[in-house]
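Notes follow once the structure below has been shown.
These numbers come from the heavy atoms of this one structure, side chains and all, not from hydrogens, waters or symmetry mates. One is the number of the first residue; the rest follow in order along the sequence.
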Amino acid sequence: MKQFIDPLAGLNDAQREAASCTEGAVLVLAGAGSGKTRVLAHRVANVVHQKHARPWQILAVTFTNKSARELKERVAAITPDGDEVAAGTFHSIFLRMLRREAKAIDYPRDFTVFDMDDSNRLVKMILNEKGEKRFQPRSIRAAISRMKNDMITPEQHENRAKTSDQKFINEVYREYENRLLQYAGMDFDDLLIRPIGLLKNHPSVLAYWRDRWRYIHVDEYQDTNLAQFELIKILGGSRPNLCVVGDDDQSIYGWRGARVENIFRFREAFEGTKVFRLEQNYRSTQPILELAHSVVSRSTMREDKKLWTEKKEGKKPEVIRLSTEADEAGEVVDRIGREVLSGKREYRDYAILYRTNAQSRLFEDALRSRRFPYQVIGSLRFYDRKEIRDALAYFKICINPRDDVSLRRIISEPPRGIGTTTLDHLVEWSRANDTTLTKALINGEVVEGLSSRGANNCRKFGEQIENWRNELKEKKLNEWAKWVLEDSGYIRRLEDGDKFENATRLDNINELISGLAQFEEEADESENGLADFVEQVALATDIDKYDPEADSVRMMTIHSAKGLEFPVVFVTGLEKGLFPFERMGDSDYDPDEERRLFYVAVTRAEKELILTMAWQRRKWGVLSGCAPSPFLKELPREFISESGTSSPYAAKQGSLGFGSSRDRNSKKAVSSFRKTNTSSSQKQETISPDDIPAIHYGDLVRHKVFGDGMVVNAVKYRNDIKVTVEFEDGQHDLLQSKAKLQPLKDF
């Protein structure tokens, strides 16, 4: 039998204090890289070790499935049965509660979880029915989501609505809620809102769950919204054994409802709260931490703390100024290439972070042109691809025949003689008879307005769905899924297409079916098969699939980088209006949150940090001038090194935009480039391409004066080759016709 390990062993003094305090309300303020997950796991293990509760009586709420798995693994390594801790995300934990208690809220247990795409489709349906084209479905859905996160009902919003637009949004909100109930669906926000009503209105249900979860732990507490805060209060009660771990400096999701105020309100909500601060950082060097603190400490409201580390030494973070956004991408990728090709680092050591997704294109182009492997975190998920969503819609309608949103998605995928007019008649009949679209299909013969052929097509499809439902429990999931997609004609339609993309889509369908087979092999017998798989897909995030061992450059927005760390981090686009990000008329702009975002970005770096900006960036196709980010001006000069080009407007501004000095390499590079341009103009008309030794990016080369170096850039320049080489004394820009660099096999 596995023995207990001392749950306090290996913790520093501050961590040990937090993990030792097992009773009452506890707030742990854990800075970036301070070992918060470690403290959380050891505290859970200590509760078990002290015999206050069994593992399954402890609830640990995280914000990603990956974090939940990691927490359970850590607890299991310390204490017997540690993997039986109830760990999961807010949405997954309370979804399980809602399934168990569905009868109490008049919902079927097989209700459908509407993900963001489903919710957008539902809003679009409502807007189309109202003939409204002024609003984007996504913007209306986002407004509804914000209201639900703030626990504002349609009735409450109706009293607040003043303008005609606000009143219209309330109409859509009310109809949206009615449709969710009609279709036996819940959106992501309902997975938090519905449990609040359930626990408040059913004392016996509340008593059961309070007894089951005697100790509650919440990770990333700064990212909770009002609904999550309310759930914690209800479950905790007046005398809770509740521990929350968070960092107000890392609260970066205000735009989706997170409330940093929850950190400050915790002590007010729970009398006698004990507060612990974790300020020792185990990730970054001291110069990196100084940069982070210099910006975030200017926030108007924050808990007083400052990270420190025993890693006092380390390479100074760099600030690099480039002429254009293309130069920025080229410089970042070339730096990666130099280090990797020389054997100093691997591709996976690097992360390129940016404020907006739109910035990724130039970096992707530069990486592709050099054939460097890369991975974009936060790009189109596998489960967001059209063919996968179509397949999942087939599965959903078989699980929940009331899910009209899924049925509408696949009713003409592939075409089966049920057009828009026929669909309108079916919808009208289903509403008049208070039934589902699936029932309307089967009863096509009595639906007014349908031709005999249309009614026959409807009946056939309705009977197919019933047949698929009946066979669901008779076959293995992967075999059933393949049969459904073949029987529906969906796979045949892809096979008949002659476009290259159809082959890729078929590969994706094959991968989905393989995933079902793997899921069934790994699932417990008690799990609800296909419904559990679809549920897991709906709650999955791209970070859950992140593979830290894959040797590729990582690219992502700063929001996506939360919780990750890398040896070398590039934080790009540090220009006024881009980072901090500002838009004209943006009422949600929060300068403090932008500061916290900068803090999160730079504290992802373990060893090296490079901050870049461009003096010019294209906006709507036009190259426009940029000013440095105000954050750059707040950095302590003694902890950074600066290089790159001066502002093209420096003569007018009287400065370089950051400070008054340029480093030696910057001067040398500019001087060398000017000499190169002069030489090229003298040589371009007399040189023959046949006389120029071939040279390529990544070559190891020898120069008669500078010695051995690596080619970090090589481009055609008129009748010549313009080469940038990294030598021992720095970079030099040369013309190959004059330099005659000779490739080497090795130094």
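Both tests hold for R265 against F229: distance to the six-membered ring centre under 6.0 Å, angle to the ring axis within 45°. Under a cutoff of 6.0 Å and an axis angle of 45°, R402 and Y183 do not form a cation-pi pair.
Between R179 and E175 there is a salt bridge, with a side-chain nitrogen of the basic residue lying less than 4.0 Å from a carboxylate oxygen of the acidic one. A salt bridge links K386 with D390: the distance from a Lys NZ or Arg NE/NH1/NH2 to an Asp or Glu carboxylate oxygen falls below 4.0 Å. Salt bridge present: E70 and R74 bring a charged side-chain N and a carboxylate O closer than 4.0 Å. Ion pairing of R54 with E84 is absent here, as no side-chain N (NZ or NE/NH1/NH2) approaches a carboxylate O to less than 4.0 Å. Between R389 and D118 there is a salt bridge, since a side-chain N of the basic residue sits under 4.0 Å from a carboxylate O of the acidic one. Using a cutoff of 4.0 Å between basic side-chain nitrogens and carboxylate oxygens, D150 and R146 are not scored as salt-bridged. A salt bridge is defined here as a Lys NZ or Arg NE, NH1 or NH2 lying under 4.0 Å from an Asp or Glu carboxylate O, and E177 with K148 meets this definition. We find that R214 and D211 are joined by a salt bridge, their nearest charged nitrogen and carboxylate oxygen being less than 4.0 Å apart. Between D403 and R409 there is no salt bridge, since no side-chain N of the basic residue sits under 4.0 Å from a carboxylate O of the acidic one.
No donor-acceptor contact under 3.5 angstrom links the side chains of E158 and N170, judged on distance only. Remark: the R100 side chain and the Y208 side chain contain an N/O donor-acceptor pair separated by less than 3.5 Å. Of the N and O atoms on the side chains of R259 and N225, not one donor lies less than 3.5 Å from an acceptor on the other residue. Side-chain polar atoms of Q464 and D487 form a donor-acceptor pair below 3.5 angstrom. A donor and an acceptor atom, one from each side chain of R459 and N456, are located under 3.5 Å apart. In this model, no donor atom of one side chain and acceptor atom of the other lie less than 3.5 Å apart for E230 and Q228. Using modelled atom types and a 3.5 Å distance limit, the side chains of Y394 and S406 yield no donor-acceptor pair. In summary, the side chains of W209 and E101 do present a donor paired with an acceptor at a separation below 3.5 Å, with no hydrogens or angles considered. Side-chain N/O atoms of N400 and D110 include no donor and acceptor closer than 3.5 Å. In summary, the side chains of T557 and N357 do not present any donor paired with an acceptor at a separation below 3.5 Å, with no hydrogens or angles considered. No side-chain N or O of S119 forms a donor-acceptor pair with one of D187 less than 3.5 Å apart.
Shown are W468, W480, Y490; of these, the ring-ring contact (aromatic ring centres under 6.0 Å, His included) with F395 is made only by W480.
Under a cut-off of 6.0 angstrom, the local environment of NZ in K476 is sparse, with at most 12 non-hydrogen atoms contributed by other residues, nucleotides or ligands. More than 12 heavy-atom neighbours from other residues, nucleotides or ligands sit within 6.0 angstrom of CD on E155.
With a 4.5 Å cut-off on side-chain heavy atoms, I93 and R96 count as touching. Side-chain atoms of P415 and R493, non-hydrogen and from C-beta on, do get closer than 4.5 Å to each other. Looking at heavy atoms from C-beta onward, I58 lies in side-chain contact with H217 at the 4.5 angstrom threshold. By the 4.5 Å heavy-atom criterion applied to side chains, F168 and L127 are counted as neighbours. No side-chain heavy atom of V172 sits less than 4.5 Å from a side-chain heavy atom of F135. Contact check for Q182 versus N178: no side-chain heavy atoms found under the 4.5 Å cut-off. Side-chain contact check for F111 versus L95: some heavy-atom pair is nearer than 4.5 Å. L407 has its side chain within reach of F461: a pair of non-hydrogen atoms, C-beta onward, lies under 4.5 Å apart.
The backbone N or O of R134 sits less than 3.5 Å from a side-chain atom of E132, completing a donor-acceptor pair. Judged purely by atom type and a 3.5 angstrom limit, T79 has no side-chain atom pairing as donor or acceptor with the backbone of G82. Looking at S514, its side chain does come within 3.5 Å of a backbone N or O of N510 through a donor-acceptor pair.
A tilted orientation is assigned to the rings of Y253 and H559, their planes being inclined by 30° to 60°.
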Requested in this report: Apply the test ring-ring contact (aromatic ring centres under 6.0 Å, His included) to residues F114 and F188: give CA-CA distance (whole Å), side-chain angles for both, the deciding distance (0.1 Å), then the verdict.
Outcome: CA-CA 7 Å; F114 279 39; F188 283 168; over 10 Å; no
